[in-house]
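Reading through the structure tokens given below for one structure.
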2 protein chains.
Amino acid sequence: MKNRLKVLRAERDWTQADLAQALEVSRQTVNAIEKGKFDPSLPLAFKLARLFKAPIESIFFED
Amino acid sequence: MKNRLKVLRAERDWTQADLAQALEVSRQTVNAIEKGKFDPSLPLAFKLARLFKAPIESIFFED
DNA sequence: GCCTAAAGTAAAGTATACTTTACTTAATGA
DNA sequence: TCATTAAGTAAAGTATACTTTACTTTAGGC
């Protein structure tokens with residue numbers, strides 16, 4: 001899966017650490033998801049959707 | 001997380017085994033997700049959304 | 001009551017998500 | 001050049017998703 005996290009983060013001028021804190025996960029987790037190393041769990045995807053006020057399908061995409 | 005799988009399945013008159021086959025997962029996995037024992041991975045949630053032609057957020061809900 | 005199909009459940013194993021610690025690299029500015 | 005901040009990465013450990021095998025329970029039709 002691919003995602004728009006880097007862009008969404010940039011729009012808000014957030015660091016990976018900022019996002020990690022907002023999500024209550026580690027910075028490495030944000031980095032790994034952003035780089036496509038693994039997919040987030042469904043609950044984490046929901047947290048992201050809530051945070052960015054956007055549907056999960058507008059943040060993540062099947063490749 | 002809670003979900004509407006049982007209803008979506010019933011609307012189509014599908015068994016858990018039918019759904020499992022469509023998703024390419026085990027029947028036990030469908031049962032466990034349906035009963036709320038664990039959440040699906042994000043890729044599996046996408047597969048469900050595609051199958052039921054519905055947004056992930058209309059199938060799964062945070063409780 | 002019996003048979004069958006579907007659902008429920010449990011144990012043990014594998015795969016993947018996520019953590020912590022720690023080190024490296026890139027970019028920017030004093 | 002040096003210091004700082006953000007990003008990238010890696011190893012080892014824990015948690016959770018998912019599989020396989022196998023058994024039990026439930027409900028309906030005969």
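Naming convention: chains lettered A, B, ... in sequence-line order (proteins, then strands); numbering from 1 in each chain.
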Let me confirm one number: the [atom1]-[atom2] distance from [X] to [Y], rounded to the nearest 0.5 Å.
X: A:Lys2; Y: A:Phe60; atom1: NZ; atom2: CZ; value: 14.0 Å
X: A:Ile59; Y: A:Ile33; atom1: CD1; atom2: CD1; value: 11.5 Å
X: A:Phe46; Y: A:Ser41; atom1: CZ; atom2: OG; value: 10.5 Å

Which heavy atom of [X] sits nearest to which heavy atom of [Y], and what is that distance?
X: B:Leu51; Y: B:Ala22; answer: CD2-CB, 3.9 Å
X: A:Pro55; Y: A:Ala49; answer: C-CB, 4.5 Å
X: B:Leu42; Y: A:Pro40; answer: CB-O, 3.5 Å

N/O to N/O distances under 3.5 Å, protein versus nucleotides 27-30 of chain D:
none

In residues 5-21 of chain A, which residues come under 4.0 Å of DNA chain C by heavy atom?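 None, since no heavy atom is under 4.0 Å.
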Pull out every residue in residues 56-63 of chain A that has a heavy atom closer than 4.0 Å to any atom of DNA chain C, ordered by number, or say none. none
Hey, are the side chains of B:Met1 and B:Phe61 touching, using non-hydrogen atoms and a 4.5 Å cut-off? no
Show every ring-ring contact (aromatic ring centres under 6.0 Å, His included) that has at least one partner inside residues 3-28 of chain A, sequence neighbours left out. A:Trp14-A:Phe52
Residues that [X] engages under side-chain hydrogen bond (donor to acceptor under 3.5 Å, both in side chains), provided they are two or more places apart:
X: A:Arg4; value: none
X: B:Asn31; value: B:Gln16
X: B:Thr29; value: B:Ser26

For nucleotides 14-20 of chain D, give me one character per nucleotide, 5' to 3': B if any protein heavy atom sits under 4.0 Å from the base, S if the only such contacts are to the sugar-phosphate, - if neither. ---SBBB
C:dG8 phosphate, OP1 or OP2: any side-chain N/O from B:Lys35 under 4.0 angstrom?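 Yes, such a contact exists.
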Strictly below 4.0 Å: does B:Asn31 bring a side-chain N or O up to OP1 or OP2 of C:dG8? yes
So among A:Leu19, A:Asn3, A:Leu8, which one has a side-chain contact (heavy atoms from CB on, under 4.5 Å) with A:Leu48? A:Leu19
Give every residue pair that meets the salt bridge (Lys or Arg N to Asp or Glu O under 4.0 Å) criterion with at least one member in residues 39-58 of chain B, sequence neighbours excluded.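 For residues 39-58 of chain B: A:Glu62-B:Arg50, B:Glu24-B:Lys47.
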Taking only residues at least two apart or on different chains, which pairs with a member in residues 9-20 of chain A satisfy salt bridge (Lys or Arg N to Asp or Glu O under 4.0 Å)?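 Qualifying pairs, neighbours excluded: A:Arg9-A:Glu34.
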Show each protein N/O and nucleotides 26-30 of chain C N/O combination with a separation under 3.5 Å, one pair to a line.
none

The helix from C:dG1-D:dC30 to C:dA30-D:dT1: angle between end helix axes, five pairs per end, rounded to 10 degrees: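 Comparing the first five pairs with the last five, the axes sit 30° apart.
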